[in-house]
Each structure stands twice: as structure tokens, then as C-alpha cells.
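Structure, as C-alpha cells:
Side chains are part of it too, since the values below use all heavy atoms of this structure and drop only hydrogens, waters and symmetry mates. Residue numbers start from 1 in every chain, and the chains themselves are labelled A, B, ... in the order their sequence lines are given, proteins ahead of strands.
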Amino acid sequence: MGSYSTKVDRKWQERWEKTRLYSFDRSRVDKKLYCLEMFSYPSGAKLHVGHWYNYGVTDSWARMKRMQGYEVFQPMGFDAFGLPAENFAIKTGVHPYDSTMANIATMQEQLKQMGGMFDWDYELSTCEPEYYKWTQWMFLQLYKAGLAYRKEAPVNWCEHCQTVLANEQVIDGCCERCDQEVTRRNLTQWFFKITEYADELLEKLDELDWPEKTKQMQRHWIGKSVGADITFNVIGHEASFTVFTTRADTLLGATYVVLAPEHPLVEQITTPEQQAEVQAYQNEVAKQSELDRLTTTEKTGVFTGAYAEHPLTGVKLPIWIADYVLASYGTGAVMAVPAHDERDFEFAEKFDLPIVRVVRPASDGVDDCLPFTDYGVLVNSGVYDGLTSEAAKERIVAQLAKVGRAEFRTNYRLRDWLVSRQRYWGAPIPIVYCPECGTVPVPESELPVELPYDVEFTPDGKSPLAKAEDFVHTSCPQCGSAAEREVDTLDTFVCSSWYFLRFPDPHNSEVPFDKEWINKMLPVDMYVGGAEHACMHLLYARFFTKALRDLGYLDFDEPFTKLVHQGIILGPDGNRMSKSRGNVVSPDGYIAEFGSDVFRMYLQFGFNYIEGGPWSEDGIRAVARFVDRVERFIDRMVELKAQGGGKTTIDKGEKELNFVRHQSIKGITEDADKFQFNTAISRLMELTNALYRYDNEQDEKNVAFLSEVTDDLVRLMAPFAPHFSEEMWERLGNSYSVFNQAWPEHDPAALEREVVEMAVQVNGRVRDRIEVAADASEEDVRAIALAAEKVQPYLEGVSVRKVIVIPKRIVNIVVG
RNA sequence: GCCGAAGUGGCGGAAUGGCAGACGCACUUGACUCAAAAUCAAGCGGGUUUCGACCUGUGUGGGUUCGAGUCCCACCUUCGGCACCA
């Protein structure tokens, strides 16, 4: 057995700390590389495999970059506000602040055991007043800019968590946190106007070096759709309403219109006879949970008794309400064209409403049964007959625009971000309600609005802060009269939407960050974290960056230049790890047994990083064996050097070893750069195998050369097994630290072979192999291939039609 | 239903359109050992074999190409996202 263990880990952790090896040198900011992993929630449990996979493996990438000469900035902090701490408190009585602080201390300890290059001088924690003061400041800046506002709206309510949720936090109609059904409630809540940036958030995606899948998810989430608003007058009322449509070309096919049940016009226009039915329907819809709504496929709706006037023909169109029209999208009203829309068609069939075709397929032979939703050529549309859908859209909207009845318009699926939460453990919203002055922002000089410690935080649907008398009662910052504080707290996603901006300057008490400094340090060059944040954190952070840019606080457009998502490590049974399945792999035991580098290196070697996969007990043992194998060779090297002697010439054996050496340097550098750690490690194994082969096969060794290659092996291994490599580096008699060594660069000349083996195919099947000079001409290769012994039988009695020569790889002889 | 990704040995996983299965695990054999472990060496997709080889093989079926795991079309399966967005 080798000597590597947690003892070696500790030795080097202490040395690194004492010598401040990883301390960020601000004077080298021109060489900076900001490498960031998504910070973690300080839960009571210890670091899990996922943390290691994210932080440990990314740290190896950052270490390589350091050796390549970058000044790496890799901070670590804690996303410390949030529901779990509060729920834990409700269960056990331990205050969220106390449990969070204890958890942070434990996690720090464990992160240090991992051996990451984190510079703890830059640590931050979102639940500290030092930090959330500036979260509140952010809120105020957005408020002043009109990007934070309060409104009453139907919002998602989780009965179990006793709070509202953002759209992004509702998954299949259920709370993302507790899986309980989400219901809709009309509540007055705070929103951030992320929709203001919808277009830029969409456009700028093209420039980002992000996984295509993630960009696609954001594109879809933003959901740009180009169309027009068309206004309909209500017959017999001084009222009108506007619909949004992407198919203005089908306007002549509109046979009725539908308002969302919550549409404000409904009360006004409903006829007395329909009153009861309409109200009953509205109540029923309001009662429905999101889940009911998703699972009901059958269309429902009620006639209001009122009619609208078709804007082109003046024809009477019945006005219905139905819950397939959403209050929160577009204008909350649609023109129904059953002939050319599946939903309208279904509804019209069920309620026996007229269906009029106004588009037919542009070419014959196309299935034209109704509903026909493709573009085509207009019919039954008077002066517009014969136009294509595309042309008709333009023409019809332009026509109506002249009389102020339509305009072109773009809509987005993205909704504004609901940020208030009826919970205790979050940043208080810095707003005061004054009976005289109304909604008043807390002056910046009075920040932070501190979260009081002694609060009754049992959830009952009211914000816990509402019960803290000392907190609630205050005086109005404007007029001084008695006033009340906002008692909701901010969604924790608000805290994490700007933490990467605070990291380079985390203790600044004057401003959230220094503009000049941040412009040098940002954007983050490499951001690594889970894919589950695609439409939440990653979208919010982009929004914050853009808003702060427009407010003049920073000068860049995007926060994260390059993004990588790690995969998920599954349990040994191939399922997601969960306590109930009993397949949870916890790092601690393995680290105690094998040392942290073996654990880290297995995570790099055993999986495709992006994909993840099932944990394997045998896999980690294989890595432990490899580490031992390297150590044995290092000891052998020390012995050889002590013996002295040997030759100094570079012969066949040396050339072969040198080839593998430079091939490894090239491959490891390229692979690790691409986060392909599994192949990088396998190349380390190949280099190790080559060293053994050389030692076994060469009777007379070039010890100086062998020593050079061995040093390279340790340099190349250092990012992936940092503690072990330091130890080996020292054992080889080299000076501290291997991480101050330059990363090896490959010599292209060493990769040029004099003789190469090529496969010879006849009609695509390999029949022989030939050895030719690497610089042989195509004619020479062709001649040698045609003369190859084992291809002869295949050339008899046929004629050679063609010979394809791919230099250094293959020859294909086509016969027939 | 729509959008996207992926299907390769017993397993984890490799392969700029150019010798499929790198590297490793498991397994088999041999060396060392009193023995085991560890280590070292060799073999290891499937089938046929006169032991020289030959055939077949990357989810299924077609296609493009001198040549396809890789590109194109259709389908099947799995996973992820969205789900009345007008």
C-alpha cells in the first residue's frame, strides 16, 4: 500500500494556508481568471457527492489555469437565507441564524478538507447584515428605476410552505420545494420588472458560451412571439377590449371572442340573464388549483350575453369567458378562429359556435381538414382573398391601424418576477407604508433594515415579521408620522442574483462594489453549477447585471461568459440518491479511507462530467490503485537517481517515451480545458504505463531524461490530485510548490514519427497493415499498399478502379 | 402533444467522416508466494475456424459516401424541458 492518506492532505492544507499560496494577487488583475462555482446552501448535512463533483472537479480546472499563468480568483460563500433553516427551526426550536452559522462553520471545515484553492478572505454569507444591506440597496435602486413595483395579481400560493412562489418555482403545478399542489390567490405582492429586459435577455444569449440546451430553455422561457393587438368594441357599451394575435390573417374567420374569467370587463358587460352563470363559473375557476387546471383537458366556458363588433365587418360576435384564455398572457382576451386554431376549434365544436374557413393550403395535395393551422392563401376574406397569410397579416393590421384599431406588437411568455415571500428567514424589504405619504422607500442611509432576532416564526400564512411589533412600528422617513414596515421578505433568489458582483469586494462598507474594480474583475470567466437553475438563478442574474448596467453601476452586459453544468452522480443502483431509497453515498467514509484526492480523482475519471452517472465502489478502488502505482514509480525514480550512472543518449526507447509524454501533455491540456476529465486522467494512466514500460524494457536507462518525464507526470497530475502531487513533488527533491510550476507545453516535433503504420483496405475492409515513412509521397504509399502481401488475393481477377490515400491513416483500394 | 439531448462489450466510458471499444473495472490464465492479498505479465464484443484466417457487430429500417458510431430521412426507447402562451 502507498503512503497517501488524509495525513498527507492535512500536511499540505496547512502548508498552503501558512504560505498563503492561493491568496489572490490584486496587482495581477490583468491576468485574472474569475472561476466561480454556484455557492451552496449551508444545510445541516455534510458536503454531499454533488458538492464535491461541482467544487472539487472545477477546482482542478482552475488549478491547471493557475499553472498556465492565470491569476485565478476562486471565491466561496454561502447562500444562507432560505426555507430549510426556518422549517428546521419550527421543528426543533433552534433559531435559523444559529443553525445556519453552525452549518457554515462545518461546511467551511469540509471545504478546506477538499483542498480547494478558495481564497477565504473573500468569503461572504447572504444572511449577514453586511451583505443583505446591499441586497436591500439593490431593491431600492430597482424601485427608483421603476423596476420594482407592487401589484395585486393572481399568484401561486403554496399551502405547505405558507408563502407565494415565483412562476419559475412551480413545477407541474406543484411547489418545487415540497411538491404540494400550488393554488392561486389574489394577493398584493412585490415584483421585479424582468419583462422590461425580455428582448435583450433573448438576443444576448447568442453571444454566450453556454450549453446550447440551457440557452434553448431560456429562449423558450422568454417566449417571444410577434403579432398584433386588435381592438374590438362591445356592442351597446362604451367599452372596448384588445386581443393579441399572431394570426391577424385569420381575422375574417373570427366567429366569437373569449375573455379570461378574471378579465376586468366581465362584470361590466355581462347581461343580467347570464349574471348567475358567469359568476358561478368565475368562482369555480378561482377555486381550481394549478394542478386541476393542467390535468383538465376538456374545455369549459360561459357566454356573457354580450356581443362585440367585428372590426372589419361589423358582424356581431358573442363574447364568452373561458379558462383556456389566461389572464396573465397578452391582453387576457383572444379572438377565436375555430377554423384555424385547435383550441378554438375544440371549443366551438363543444358549444356549437360557427366555424368559417378563411385560409386554404397554398399547394394542392396537402391535408386541408379543419382546424387548419398552417399558413396558406386567404379565402372568404373579401378584398384580402388570394393573399398569402404572411402578406395578409401585414395588410390587415396596417388597414386597421389607420383607424386606430390595431398595432403590431411583440409579446413574451416571460412574466415579471414575484420576489416577496411571507416568511421570516430572508432579507426584509426596505419599504415603509405611511398613512400620509403612502409607499415610502427606506433611505439608503438607514440600511440595513435589520431582520429582528426574536420573532414568532410559526407559519400561518401571515408574514412572521408582522407579529414583531418593534419591527413593524416605525416612523415615516418622509413625514415622521407613525408608519408600518413591509413585513414580507425577499426571495432568496434575489440574494443570489448579484453575489458574484460582491465577491471581488466583499467587505466594502461604502458601496456594494467598486465600479472600477468590478469592471476589471467581471464578467465571471467560468461558471459551473447545476442545470436546474437554467430559468431561475441564471436568468435573474442576467437581469440584475443588465439593470445595474443601465443604472450606471457597471459596464458589462452579461455576468457569466462561459457556463458548464455538471451532471448528476446517481446512487450505485442507477437511481437518484435519496434517503428513502437508501442509496446515498456520503464522501466522508471514502475520504477517510482513501484521502480526498482519490475521491476527487474518481469523480473525474469515472464519469463524463456533463452527464454524471452511477457511483461505483470498484471505480474508486481503481483510482486508489492508480495513485499507489504512481507513488511506486516515484520511489523507483528516487532510487534510480540515487544509483546514478546510466546513459545520456536519446535512442529508440527514449523517443517512444518522449512521444507518449508529449502526446499526454497535449491531450491532458485539451481535455481538461473542455472539462473532459475522464480522458485527461486516462492519459495520465497511459503516461504512467509508458514510464513503467521504459523502466522494464530498457536495460541501460537515460536517468536524467527519465527524471524529466517523471517531473512532468507530477506536474500534469497536480491539478487532479493536488495533495498527493505536492507530496510526490517534494519526494522527488523538488522545491515547493508544484503549483508554482509552469504547466508543461507539448513539443510538436516529439509527436512527429518517422515511420507510421497504415491500414490498407480493399473495398472498405481492412486486409493488411503497412509501415511507411511518415513523409512518404502519396504515390509511394499507393505503390506499397498495392504491393502489400495480404491484399494480393483480393486484387486477382479484378481491376483497381481507384485508390484513396489518407496520409498517416488509411489506404482504400476500390476494385470491381 | 411540442422542443431538445442521448442510445456503443458483462460494467464505467473513449473515438477532427478514416483500423470501433482508448483508459479503467470485472473476469480468465501465467509468474511471484507454503498460501492468500498486493504486484508483475498476457488474454478478454459475438460467431465460425483447417489456427493461416474469415464473417458479423455502435437502438431499428432506409439513404449519402471509396469509407458512417459519426452526416441525412423515418421509427423505437430513455432522459431533460415546456405544456391551453392565442
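- Between A:R629 and B:C40, a side-chain N or O to OP1/OP2 separation shorter than 4.0 Å is present.
- Under a 4.0 Å N-O distance rule, the pair A:E686/A:R661 does not qualify as a salt bridge.
- Of the possible polar contacts, none joining the A:Y53 side chain to the A:R600 backbone as a donor-acceptor pair under 3.5 Å is found.
- The listed nucleotides are B:C55, B:C66, B:A22; the one nearest the side chain of A:E686 is B:A22.
- Looking at the side chain of A:D341, the nearest of the listed nucleotides B:C84, B:A26, B:A86 is B:A86.
- Checking the phosphate oxygens (OP1, OP2) of B:A14, no side-chain nitrogen or oxygen of A:R683 falls inside 4.0 Å.
- Summarising the geometry, the separation between CZ on A:R625 and C1' on B:A37 is reported as 12 Å, rounded to the nearest angstrom.
- For A:N812 against B:C66, a side-chain N or O and a base N or O form a donor-acceptor pair under 3.5 Å.
- Residue A:R765 is classed as a sugar-phosphate contact, given heavy-atom separations below 4.0 Å to backbone atoms only.
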Applying side chain to side chain donor-acceptor pair (under 3.5 Å), run through A:E697 and A:Y692 and close with a yes or a no.
CA-CA 8 Å; A:E697 290 175 1; A:Y692 270 93; over 6 Å; no

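- Glycosidic conformation of B:G24 is anti; the angle lies outside 90° of 0.
- Nucleotide B:G52 carries a syn base; the chi torsion (O4'-C1'-N9-C4 or O4'-C1'-N1-C2) is within 90° of 0.
- Residue A:S682 places its side chain closer to B:A22 than to any other of B:A22, B:C25, B:C40.
- Here A:R621 does not reach the OP1 or OP2 of B:G24: none of its side-chain N or O atoms lies under 4.0 Å away.
- Base-pair partner of B:G4: B:C79 (Watson-Crick or G-U wobble, both distances under 3.5 Å).
- Side-chain polar atoms of A:D229 and A:T242 form no donor-acceptor pair below 3.5 angstrom.
- In this structure, A:D671 and A:K802 both approach RNA chain B, and ranking their closest nucleotides by distance from the 5' end singles out A:D671.
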